[in-house]
Amino acid sequence: MADLIYIKVDQVKKKLGVNQALDGVSLYFEGGQMHGVIGPEGAGKTTLMRIILRLLYPNEGAVDFFRSGNIIPFKDIRNNIAYMPQQQSLYPELSIDEHMEFFSKLYQISPNEYKKRREELLDITKLGPFVGRTAEKLSGGMYKKLGLMCALLRAPEIMLLDEPTNGVDPISRREFWDLLYRLLEKGILIIVTTAYMDEAERCSAVHLLEEGKVIAEGEPRELLREQGVQTFDEIFYKHAGRTL
């Protein structure tokens with residue numbers, strides 16, 4: 001799987017008004033892995049995602065995409081990136097089926113390919129029995145799954161999820177993560193932001209942000225061992241000079 005895409009964030013700084021949203025952030029996102037960007041509100045997580053997507057541009061530093069050691073121009077990778085923002089822009093009056101048809105036309109997917117992807121996505125999300133239900137009548141967890149399905153219709157190589165389980169009940173959160181694990185089997189690079197510390201351990205690698213800076217990163221269990229703590233909350237408390 002040497003041809004998987006990976007992303008390098010190099011000394012990125014971004015100021016939003018008077019707020020230094022990112023302050024010299026350097027990160028490496030390995031292809032085919034689940035990366036968690038963990039931190040409290042205001043840590044800079046959403047700003048980082050928007051810079052990766054070129055929705056914002058850094059004041060300093062750069063974000064580059066690579067395949068087999070070679071830089072890929074963003075214009076060549078743009079259509080291989082799927083983004084699920086914090087606030088979903090779904091249409092309340094449209095059904096699950098109507099959403100999928102709309103996005104298939106938006107992404108210019110052929111009818112045969114759309115049929116194949118539709119069946120696969122309905123199967124892995126378990127939303128098949130609810131295709132006629134409108135978005136406004138979906139539960140929080142089902143609503144998130146619909147947003148994910150619409151993003152996945154374009155068969156991306158990179159998936160950016162900004163706090164996808166925020167406000168979702170615990171059972172739906174677990175189901176959503178099970179769905180993400182199934183996507184990893186396809187070699188997709190998944191970057192997910194979250195303020196839920198317990199979700200950090202579900203990732204292949206975690207990157208802890210606070211006040212726009214990286215305070216720790218690594219494989220979750222190894223990072224906890226290195227820091228001499230039991231939970232990720234303790235790492236943030238230690239960084240702030242406090243104890244639980």
Side-chain angles (χ1 to χ4, degrees), residues 5-31 33-66 71 74 77-78 81-88 158-167 180 189-244:
I5 292 172
Y6 62 93
I7 302 172
K8 183 179 179 182
V9 179
D10 186 24
Q11 289 297 312
V12 165
K13 293 186 178 183
K14 181 62 180 180
K15 198 166 187 178
L16 299 174
V18 298
N19 177 42
Q20 188 70 50
L22 295 175
D23 190 6
V25 170
S26 292
L27 298 169
Y28 174 76
F29 298 114
E30 183 178 354
Q33 300 291 320
M34 177 96 72
H35 290 265
V37 179
I38 318 297
E41 183 178 351
K45 304 186 299 296
T46 297
T47 301
L48 174 64
M49 298 288 260
R50 291 175 177 171
I51 286 177
I52 292 174
L53 284 161
R54 301 294 200 270
L55 298 176
L56 291 174
Y57 289 88
N59 301 123
E60 295 181 31
V63 175
D64 292 310
F65 298 80
F66 293 83
I71 290 182
F74 184 73
I77 194 65
R78 183 194 304 271
I81 303 175
Y83 176 48
M84 188 172 164
Q86 286 187 47
Q87 301 297 325
Q88 288 290 300
I158 301 170
M159 191 83 206
L160 303 180
L161 308 169
D162 196 6
E163 302 207 27
T165 58
N166 187 31
L180 295 184
L189 165 56
I190 300 175
I191 304 175
V192 55
T193 72
T194 182
Y196 293 123
M197 297 296 122
D198 62 302
E199 292 188 335
E201 295 187 51
R202 296 177 179 269
C203 301
S204 309
V206 291
H207 315 272
L208 276 56
L209 287 186
E210 187 167 38
E211 296 182 342
K213 295 182 179 181
V214 180
I215 63 170
E217 59 184 331
E219 190 278 327
R221 292 184 181 84
E222 180 65 19
L223 181 57
L224 291 175
R225 187 191 64 79
E226 290 177 355
Q227 295 283 331
V229 296
Q230 298 295 317
T231 68
F232 287 93
D233 295 273
E234 292 178 79
I235 297 178
F236 283 97
Y237 272 84
K238 281 180 63 178
H239 182 260
R242 294 177 288 171
T243 58
L244 283 173

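Reckoned from all heavy atoms, side chains included, excluding hydrogens, waters and symmetry mates. Small disclaimer: the values here were computed from a predicted structure and weren't measured.
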Identify the two heavy atoms, one from Cys203 and one from Pro220, that lie closest to each other, and give their separation to 0.1 Å.
O-CG, 3.2 Å
In plain terms, say whether Arg202 and Glu199 are close enough for a salt bridge, that is, a side-chain N and a carboxylate O under 4.0 Å apart.
no
Roughly how far, to the nearest 0.5 Å, is CZ of Phe236 from CD1 of Ile215?
4.5 Å
May I ask you to decide if the ring planes of Phe66 and Tyr6 are parallel, tilted or perpendicular, using 30° and 60° as cut-offs?
parallel
Could you state the interatomic distance from CD (Gln20) to OG1 (Thr47), rounded to the nearest 0.5 Å?
10.5 Å
Option passing side chain to side chain contact (heavy atoms under 4.5 Å, CB included) with Pro58 (candidates Val12, Leu22, Leu48)
Val12
Hey, does the side chain of Gln227 reach the backbone of Leu223 with a donor-acceptor pair shorter than 3.5 angstrom?
no
Rounded distance (nearest 0.5 Å) linking atom CD1 of Ile190 with atom CG of Leu160
10.0 Å
So, do Leu209 and Ile38 sit near enough that their side-chain heavy atoms are less than 4.5 Å apart?
no
What heavy-atom pair brings Lys45 and Ala195 nearest, and what distance separates the two atoms?
CE-N, 4.5 Å
Going from CE on Met49 to CG on Leu56, what distance comes out if it is rounded to the nearest 0.5 angstrom?
12.5 Å
How far apart are the C-alpha atoms of Leu180 and Met34, what are their side-chain angles, what is the distance that settles it, and do they pass the side-chain contact (heavy atoms from CB on, under 4.5 Å) test?
CA-CA 8 Å; Leu180 295 184; Met34 177 96 72; 3.5 Å; yes
Heavy atoms, side chains only, cut-off 4.5 Å: are Thr231 and Met197 in contact?
no
Show the nearest heavy-atom pair for residues Ile81 and Phe74, with the distance to one decimal.
CD1-CE1, 3.7 Å
Might you point out which heavy atoms bring Gly31 and Leu189 nearest each other, and give the distance in Å?
CA-CB, 4.2 Å
Could you tell me whether the side chain of Phe232 reaches within less than 4.5 Å of the side chain of Leu208, counting heavy atoms only?
yes
Candidate pair Asp10 and Ser26, rule side-chain contact (heavy atoms from CB on, under 4.5 Å), full reasoning
CA-CA 5 Å; Asp10 186 24; Ser26 292; 3.9 Å; yes
For the pair Lys13 (side chain) and Ala21 (backbone), establish whether a donor and an acceptor sit closer than 3.5 Å, ignoring hydrogens and angles.
no
Can you tell me how the ring of His35 sits relative to the ring of Phe29, calling it parallel under 30°, perpendicular over 60° and tilted otherwise?
perpendicular
Mind listing the closest non-hydrogen atom pair of Ile235 and Ala216 along with its distance?
CG2-CB, 4.3 Å
Determine whether Asp64 and Lys8 satisfy the following criterion, salt bridge (Lys or Arg N to Asp or Glu O under 4.0 Å), listing intermediate values before the conclusion.
CA-CA 5 Å; Asp64 292 310; Lys8 183 179 179 182; over 6 Å; no
Contact summary for Val25 and Gly212, nearest pair of heavy atoms:
CG2-O, 3.2 Å
Asp23 side, atom CG; Lys15 side, atom NZ - distance, nearest 0.5 Å
10.0 Å
For the pair Asp162 and Met84, evaluate side-chain contact (heavy atoms from CB on, under 4.5 Å) and give the outcome as yes or no after the intermediate values.
CA-CA 6 Å; Asp162 196 6; Met84 188 172 164; over 6 Å; no
Are any non-hydrogen side-chain atoms of Val192 and Val37 less than 4.5 angstrom apart?
no
Does the side chain of Leu55 reach to within under 4.5 Å of the side chain of Tyr83, using non-hydrogen atoms?
yes
Atom CD in Glu217, atom NE2 in His207: separation rounded to 0.5 Å?
6.0 Å
Can Thr193 and Glu163 be counted as having a side-chain donor-acceptor contact under 3.5 angstrom?
no
Under 6.0 Å from the CD atom of Glu222, do we count more than 12 heavy atoms belonging to anything else shown?
yes
Give a yes-or-no answer on whether the side chains of Glu219 and Ser204 include a donor-acceptor pair shorter than 3.5 Å.
no
Is Phe65 close to Ile158 at the side-chain level, that is, under 4.5 Å between some pair of heavy atoms?
yes
